[in-house]
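As the structure is a prediction and not an experimental result, all values here were calculated from the model.
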Amino acid sequence: MPPFAEVGAVTQGISKKKSQTNVVSLNVGGLIFQTSPQTLSLAGPSSLLSSFSNVSSVLSDDHFIDRDPDLFAVLLSLLRTGNLPSKAKSFDIQDLISEADFYGLQSHLVSSLSNPSQFDAFSLEKSLILPTNGRDSPSAISSTPYGSIHVAHGSKITSFDWSLHKKSTVLTQFSAVDSLLSISPSIAAAGATDFSGLQILDLEEGCVRETIYWENETKSSSTVQAIGSSPEYLFTSFESGRRNSNSIMVYDLSGSFRPVMEIARQEIYGAEIDSALPATKLEWISSYNLLLASGTHGGPFGLLGNIKLWDLRSSTPSFELKEKVDCFSDVTVSNSLSAIFKVGVNSGEVFMADLRKLSLDDPWVCLGEGRRVNAKKEGAGCKIQSHGNQIFCSKGGDVELWSEVLMGSSKSNEDGLRDRVFRKNSMGRAKDMGGCRITNMCFGGNKMFLTRKDQQSIEVWQCPRL
């Protein structure tokens with residue numbers, strides 16, 4: 001938070017005599033604002049306001065800024081406190097964005113309006129519907145930490161900036177995009193399950209920067225099954241065109257995208273299909289320096305799957321869970337909760353596996369009612385995603401919110417770890433819930449993004465901004 005500055009006075013006139021040198025006076029649109037050099041210096045060296053930070057309070061023509069004084073008052077308050085004042089609610093957000101761009105204060109405005117620390121799962125409200133161009137429904141979405149989002153629909157990727165007011169669309173070389181990962185607000189990685197190669201896209205220039213291929217032993221094409229990342233690496237799950245081999249490639253994320261290593265190369269021999277399932281979801285577990293890779297396959301005996309934890313320094317998985325009885329519809333991992341979560345494809349229940357207890361024969365703990373596994377596949381199509389200390393699980397057109405409850409009287413087990421209790425909560429207002437089945441879910445800044453079956457739009461759930 002910026003240091004406390006002397007409160008500036010706003011008047012209709014000012015005398016020409018000198019005052020203390022730690023006060024700077026600015027004439028904005030005919031109103032006089034007084035503040036300290038320290039406050040102006042917080043704007044940053046590239047800001048227009050920083051040029052006044054070493055100027056005394058003597059007013060001259062050089063101090064006149066021909067802009068809206070009311071909007072400037074809001075931005076000056078933002079510099080002083082680090083937050084927008086309550087009166088900012090009376091202004092259109094686009095007007096604030098335009099003024100912030102003029103003064104070079106956009107990063108301050110972004111931090112105030114879309115800071116991830118302001119995310120509150122229990123206050124999310126459906127606030128906006130973002131339309132995409134064309135007739136294709138979104139197939140994949142990916143957001144950035146401050147709330148900009150990329151949406152794949154058909155062969156196109158549409159990007160919305162952090163304010164969700166600016167939109168741009170680029171054309172990929174795929175007829176359909178199945179995997180999408182935001183590397184930065186302007187760079188994304190995209191892949192398809194039916195077309196070869198991983199494409200690195202420059203969304204600002206509207207072009208494909210490069211296409212990366214996996215060199216497999218059969219020399220066949222290589223399709224992308226999943227994309228993930230850590231602060232240093234880009235992970236890509238490839239499968240050969242003949243679907244008899246797969247691998248996870250690790251690339252440098254610093255900009256060169258050069259291959260660093262290959263892990264989890266697998267070959268399928270004969271009928272042993274479940275022995276080499278390609279990873280269809282990749283998530284980095286930063287607190288353990290492990291990569292979670294999960295995948296499923298529909299066979300004659302139902303859905304089979306596995307979850308593997310890979311240490312990049314080893315060619316063998318650190319841990320593996322094979323799923324047969326109630327295989328997962330989707331899997332996620334939470335660093336803050338130190339656990340893996342899945343939604344059972346048959347039961348539709350949410351299960352947790354504590355990362356500190358993975359040595360157990362059956363580490364899964366059912367968080368719900370523990371319904372019997374049945375043939376109705378109540379969890380088919382469900383999505384599960386962790387964000388902060390909460391777990392979000394889609395059930396048809398609704399979203400369940402799971403939170404850990406700290407119980408002071410919980411008993412410790414033999415391993416010294418307490419039993420963990422989770423509770424399910426309703427999310428949002430009743431009028432916001434329901435609708436077509438949720439197909440994608442992700443989080444960025446103080447927002448949650450959803451897409452629904454057969455709809456050409458993105459649903460935005462947001463914490464109150466001002």
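Between Leu113 and Leu84 there is a side-chain heavy-atom pair separated by less than 4.5 Å. Using a 4.5 Å heavy-atom cutoff, the side chains of Cys442 and Gln385 are not in contact. Using a 4.5 Å heavy-atom threshold, the side chains of Asn133 and Thr169 count as touching. Within the 4.5 Å cutoff, side-chain heavy atoms of Trp162 are placed close to those of Leu109. Residues Asp66 and Val28 are not in side-chain contact: their nearest non-hydrogen atoms beyond the backbone lie 4.5 Å or more apart. Using a 4.5 Å cut-off on side-chain heavy atoms (C-beta onward), Phe392 and Met441 make contact. The shortest side-chain heavy-atom distance between Ser386 and Val333 does not fall under the 4.5 Å cut-off. You'll find the side chain of Leu180 stays beyond 4.5 Å of the side chain of Ile141, heavy atoms only.
Heavy-atom minimum distance, Leu171 versus Ser155: CD1-OG, 3.2 Å. In plain terms, the two heavy atoms of Ala192 and Asp178 that are nearest each other are CA-OD2, 3.5 Å. For the pair Gly147 and Leu164, the tightest heavy-atom approach, listed with the atom from each and the gap, is O-CD2, 3.8 Å. Heavy atoms only, all atoms of each residue included: Gly434 and Asp398 are closest at N-OD1, 2.8 Å. The shortest heavy-atom contact between Ala43 and Leu105 is CB-CD2, 3.5 Å. Here the closest non-hydrogen pair linking Pro145 and Pro116 is O-CG, 3.1 Å.
With Arg452 contributing its side chain and Cys436 its backbone, the two residues share a donor-acceptor pair below 3.5 Å. A donor-acceptor distance shorter than 3.5 angstrom exists from the side chain of Ser139 to the backbone of Val177, with no hydrogens or angles considered. In this structure a side-chain-to-backbone donor-acceptor pair under 3.5 Å is present from Ser123 to Asp120. Looking at Arg420, its side chain never comes within 3.5 Å of a backbone N or O of Met352 through a donor-acceptor pair. The backbone N or O of Thr451 sits less than 3.5 Å from a side-chain atom of Thr439, completing a donor-acceptor pair. Under a 3.5 Å cut-off, the side chain of His108 and the backbone N or O of Leu42 do form a donor-acceptor pair. Between the side chain of Ser111 and the main chain of Ser107, no donor-acceptor pair closer than 3.5 Å is present. Listed for the Ser237 side chain is a donor-acceptor partner under 3.5 Å among the backbone atoms of Ala279. Between the side chain of Asn335 and the backbone N or O of Ser286, at least one donor-acceptor pair lies under 3.5 Å. Distance alone, capped at 3.5 Å, is enough to place a donor-acceptor pair between the Ser329 side chain and the Cys382 backbone.
Looking at Ser114 and Lys447, their side chains do bring a donor and an acceptor atom within 3.5 Å of each other. Side-chain N/O atoms of Ser112 and Asn83 include no donor and acceptor closer than 3.5 Å. With no hydrogens or angles considered, a side-chain donor-acceptor pair links Glu283 and Thr332 at under 3.5 Å. Between Glu349 and Trp364, the side chains place no donor N or O within less than 3.5 Å of an acceptor N or O (distance only, hydrogens not considered). Looking at Ser47 and Ser50, their side chains never bring a donor and an acceptor atom within 3.5 Å of each other. Between the side chains of Ser318 and Asp311, no donor N or O sits under 3.5 Å from an acceptor N or O. Side-chain contact, Asp161 with Ser148: no donor N or O sits under 3.5 Å from an acceptor N or O. Judged purely by distance below 3.5 Å, without hydrogens or angles, the side chains of Asp454 and Ser137 never pair a donor atom with an acceptor atom. If you check the side chains of Thr158 and Thr132, you find no donor sitting under 3.5 Å from an acceptor. Side-chain contact of Tyr288 with Ser338: a donor-acceptor pair under 3.5 Å is present, judged by distance alone. Inspection of the His150 and Ser142 side chains reveals no N or O donor paired with an N or O acceptor under 3.5 Å.
The aromatic rings of Phe119 and Phe443 lie perpendicular to each other, with more than 60° between the two planes, well past the 30° mark.
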In sequence, state the C-alpha distance, the side-chain angles, and the governing distance for Leu290 and Phe319, and then conclude on side-chain contact (heavy atoms from CB on, under 4.5 Å).
CA-CA 10 Å; Leu290 294 173; Phe319 193 82; over 6 Å; no

Begin with the C-alpha distance, continue with both residues' side-chain angles, and end with the deciding distance and a verdict on ring pair (Phe, Tyr, Trp, His ring centres under 6.0 Å) for Phe351 and Phe328.
CA-CA 9 Å; Phe351 295 82; Phe328 52 85; over 10 Å; no

How far apart are the C-alpha atoms of Gln390 and Trp402, what are their side-chain angles, what is the distance that settles it, and do they pass the side-chain contact (heavy atoms from CB on, under 4.5 Å) test?
CA-CA 6 Å; Gln390 279 83 35; Trp402 290 88; over 6 Å; no

Mind running side-chain contact (heavy atoms from CB on, under 4.5 Å) on Ser457 and Leu130 for me, showing each step along the way?
CA-CA 5 Å; Ser457 60; Leu130 303 176; 5.9 Å; no

Audit row: Ser25, Gln34, side-chain hydrogen bond (donor to acceptor under 3.5 Å, both in side chains) steps and yes/no:
CA-CA 4 Å; Ser25 297; Gln34 290 186 315; 3.1 Å; yes

Apply side-chain contact (heavy atoms from CB on, under 4.5 Å) to Ile384 and Ile391, showing your working.
CA-CA 7 Å; Ile384 191 166; Ile391 303 299; 3.7 Å; yes

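Between Ile227 atom CD1 and Phe235 atom CZ the span is 12.5 Å, to the nearest 0.5 Å. Summarising the geometry, atom CD1 belonging to Ile458 is positioned 6.0 Å from atom CD1 belonging to Ile149; distances are rounded to the nearest 0.5 Å. How far CD1 of Ile248 is from CD1 of Ile263: 5.0 Å, rounded to the nearest 0.5 Å. Expressed to the nearest 0.5 Å, how far CG of Asn27 lies from CZ of Phe72 amounts to 10.5 Å. Between atom CD1 of residue Ile187 and atom CG of residue Leu234 there is a gap of 12.0 Å, rounded to the nearest 0.5 Å. Atoms CD and CD, on Gln462 and Glu125 in that order, are 9.5 Å from each other to the nearest 0.5 Å.
Counting non-hydrogen atoms of other residues, nucleotides and ligands closer than 6.0 Å to NZ of Lys167 gives a total above 12.
A centroid separation of 6.0 Å or more is found between the aromatic rings of Trp284 and Tyr233.
For Phe341, the ring-ring contact (aromatic ring centres under 6.0 Å, His included) partners at least two apart in sequence or on another chain are Phe422. By the side chain to side chain contact (heavy atoms under 4.5 Å, CB included) test, Thr211 pairs with Gln173, Gln199, Val208, Tyr213, sequence neighbours left out.
A salt bridge between Lys342 and Asp330 is absent, with no side-chain N of the basic residue lying under 4.0 Å from a carboxylate O of the acidic one.
Cation-pi check for Arg67 over Phe102 is met; the charged atom lies under 6.0 angstrom from the ring centroid and within 45 degrees of its normal.
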